[in-house]
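Structure first, then comments.
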Protein chains: 2
Amino acid sequence: MPYRRTPAVQERLDATRAAIVGAAHALVGERGYAGCSVALVATGADVATGTVYRHFPDKGALFAEVFRVATQREVDAVAAAAAKPGTVAERVEASVETFARRALRAPRLAYALIAEPVDPQVEAERLTYRRAYRDIFATLVADAVAAGDLPPQDAEVSAAAVVGAMAEALVVPLHAGGGSRRTVPDLVAFVIRALGAAP
Amino acid sequence: MPYRRTPAVQERLDATRAAIVGAAHALVGERGYAGCSVALVATGADVATGTVYRHFPDKGALFAEVFRVATQREVDAVAAAAAKPGTVAERVEASVETFARRALRAPRLAYALIAEPVDPQVEAERLTYRRAYRDIFATLVADAVAAGDLPPQDAEVSAAAVVGAMAEALVVPLHAGGGSRRTVPDLVAFVIRALGAAP
DNA sequence: CCAACAAGTGAACCCCGGTTCAGACCTTCG
DNA sequence: CGAAGGTCTGAACCGGGGTTCACTTGTTGG
C-alpha cells in the first residue's frame with residue numbers, strides 16, 4: 001500500500017474545502033447569489049474550477065452548505081436573544097431586534113438568505129432557515145400561552161406571521177440600504193401587539 | 001401604398017397577443033414560472049415560437065405583463081374588500097380573508113406571484129405587486145389612526161408587516177396544498193391584534 | 001391579378017455557466 | 001528511488017432554453 005492519506009494531507013484538504021466555502025460565503029455577501037459563478041468562487045479560494053468539484057458534487061451542494069452555515073449563525077443569534085430571561089415582550093423585542101440589526105448590517109447576505117431567487121436545491125435550505133425561525137417563535141409563543149402570558153392563539157401561525165412580517169418589513173430597507181431609524185422599533189411594537197403581549 | 005393594417009387584421013393580432021398572454025397565464029397557474037418555456041407558451045397559444053417574439057421583445061417582457069395582469073386582478077379584489085364599509089376590524093378581516101381565500105384557491109399561481117424564483121425583470125413586477133398590497137393596508141391604517149380607531153403607528157411599516165405575515169403564513173399551505181381550516185381565522189386574529197384594532 | 005409588404009414559421013443558432021477529464025504534479029512507503 | 005495512487009489543473013465540452021432569421025404564407029389596394 002504505497003499511499004495513504006496522511007493527517008497533514010487531510011488538514012490541507014479541509015483547509016481547501018473551508019477556503020472554498022469561505023470564498024463562496026464572501027461572494028454571496030458581496031454580490032448576492034446571482035453573482036456567484038463556480039469559476040469566481042474558485043478564483044476567490046485560489047484553486048482551479050475543477051478543484052471545487054473534488055469537494056462538492058455540484059454547485060447546488062456547495063451553496064446549500066454555504067446557506068446552511070450562514071443560516072445557523074443567524075438562527076443561533078436570534079435563538080439566544082429569545083432565550084434570555086425576561087417578560088415575553090422583552091424577549092420578543094430582543095429577538096426581533098437581533099434579527100433586524102444583523103440583517104441591516106449585512107444586507108446583501110440577508111437578502112440572499114431571505115428573498116433572492118436561488119436554485120431549488122438552495123431554496124430547500126432556505127425553507128429550513130425560515131422553519132428554524134418559525135420554531136424559535138413558535139416555542140416562545142406556545143410557552144407564553146401555556147403560562148397565560150399571551151392570549152390563546154395558534155403558535156405555528158403566529159410564528160410564521162412574525163417571520164413574514166420581519167422579512168417583508170426589511171425587504172425595502174435591504175434594497176434601498178439603510179431604512180428609517182424608526183423601522184425596527186415600529187416593527188417590534190407591531191409584533192408585540194400582534195402576539196398580544198403586555199408592553 | 002399597397003398594404004395597410006386593416007381593423008380586421010389588428011383584431012386578429014390583438015387576439016393572438018391575448019392568446020399568448022392567456023396561455024402563459026394558464027401555464028404559470030399549472031406549472032409555475034419554472035415550467036414556462038417560450039416554446040410551451042407558443043404551443044399553448046397555437047402559434048410558432050417566433051410569433052411570440054412579434055408581440056414581445058423577450059420572455060421577461062411577456063411574463064412581466066402576465067404578472068402585471070394577474071396581480072391587478074388580485075389587488076383589485078383585496079382593495080374592494082378593504083374599501084367595504086364597517087369597523088376597522090371588519091375591513092381587515094375582509095381583506096385578509098379575500099387574499100387568503102384567493103391564494104388558496106389558486107395555489108400555484110399565488111406561489112408564483114408571491115415567492116417563486118423568477119427573472120429580475122419579473123421580480124420587479126412582483127415588487128410593485130407587494131407594493132400595491134402595502135398601499136392598500138397603509139391607506140387603511142393611516143386613515144384609521146387619523147380617526148383614532150387604531151393606536152399610533154407607522155402605517156408603512158405596519159402595512160409591510162401585514163403583507164409579509166399573510167404571505168409567510170400561507171407559504172407552507174401553498175406548498176403542502178390545503179393547510180389547516182383554522183389558518184385563515186388565526187391569521188386574521190393575528191393581524192387585527194397587530195394593528196391594535198378593537199375586535 | 002400582381003406588386004409590395006406584413007405576419008407567421010420553426011429549425012438552427014448562440015450564449016453561458018456548470019461540469020468533465022486527460023494530463024501534470026504531488027505524496028506515500030517499501 | 002520508484003511504483004502506486006492520490007490531488008490539482010483549466011481548457012474544452014455540453015445542454016438547454018432564449019433568440020434569430022431566411023423563408024413561406026397571408027393581406028392590401030391599385
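Note that the coordinates shown come from a computational prediction; the quantities given were computed from them, not determined experimentally. Values below: all heavy atoms of this structure, side chains included; hydrogens, waters and symmetry mates excluded. Letters go in sequence order (proteins before strands), and every chain restarts at 1.
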With the side chain of [X] defined as its heavy atoms from C-beta on, choose the nearest nucleotide among [options].
X	options	value
A:Val9	C:dT9, C:dT28, D:dC8	C:dT28
A:Val38	C:dT27, D:dT9, C:dG18	C:dG18
A:Lys59	D:dT7, C:dG8, C:dG18	C:dG18

To the nearest Å, how far apart are [X] [atom1] and [N] [atom2]?
X	N	atom1	atom2	answer
A:Tyr53	C:dT20	OH	P	7 Å
A:Leu62	C:dT19	CG	C1'	14 Å
B:His55	C:dG8	NE2	C1'	9 Å
A:Leu13	C:dT27	CG	P	11 Å
A:Arg54	C:dT20	CZ	C1'	12 Å
A:Glu11	C:dC26	CD	P	20 Å
B:Gln10	C:dA6	CD	C1'	12 Å
A:Tyr33	C:dG18	OH	C1'	11 Å

Phosphate contact (C:dG10 OP1 or OP2) by B:Thr49 side-chain N/O below 4.0 Å: no

Presence of A:Arg12 side-chain N/O under 4.0 Å of D:dT7 phosphate oxygens OP1/OP2: no

Same apolar cluster (I L V M F W Y, side chains within < 4.5 Å links), B:Leu104/B:Phe190: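 Yes, because B:Leu104 and B:Phe190 connect within a single hydrophobic cluster, where side-chain heavy atoms sit under 4.5 Å apart.
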
Most 5' of A:Gly50 and B:Gly60 on DNA chain D, judged by nearest nucleotide: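 Whichever sits nearer the 5' end wins; that is A:Gly50.
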
Backbone of A:Glu125 reached by a side-chain donor or acceptor of A:Thr128 within 3.5 Å: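 Yes: the side chain of A:Thr128 pairs with the backbone of A:Glu125.
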
Exceeds 12 heavy-atom contacts within 6.0 angstrom, atom CZ of A:Arg131: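 Not buried by this count: 12 neighbours or fewer within 6.0 Å.
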
CD/B:Gln10: more than 12 non-hydrogen atoms of other groups inside 6.0 Å: yes

B:Arg134 versus B:Ala159, closest heavy-atom pair with distance: O-CB, 3.3 Å

Touch class at under 4.0 angstrom, heavy-atom based, for A:Ser37 against every strand present: sugar-phosphate

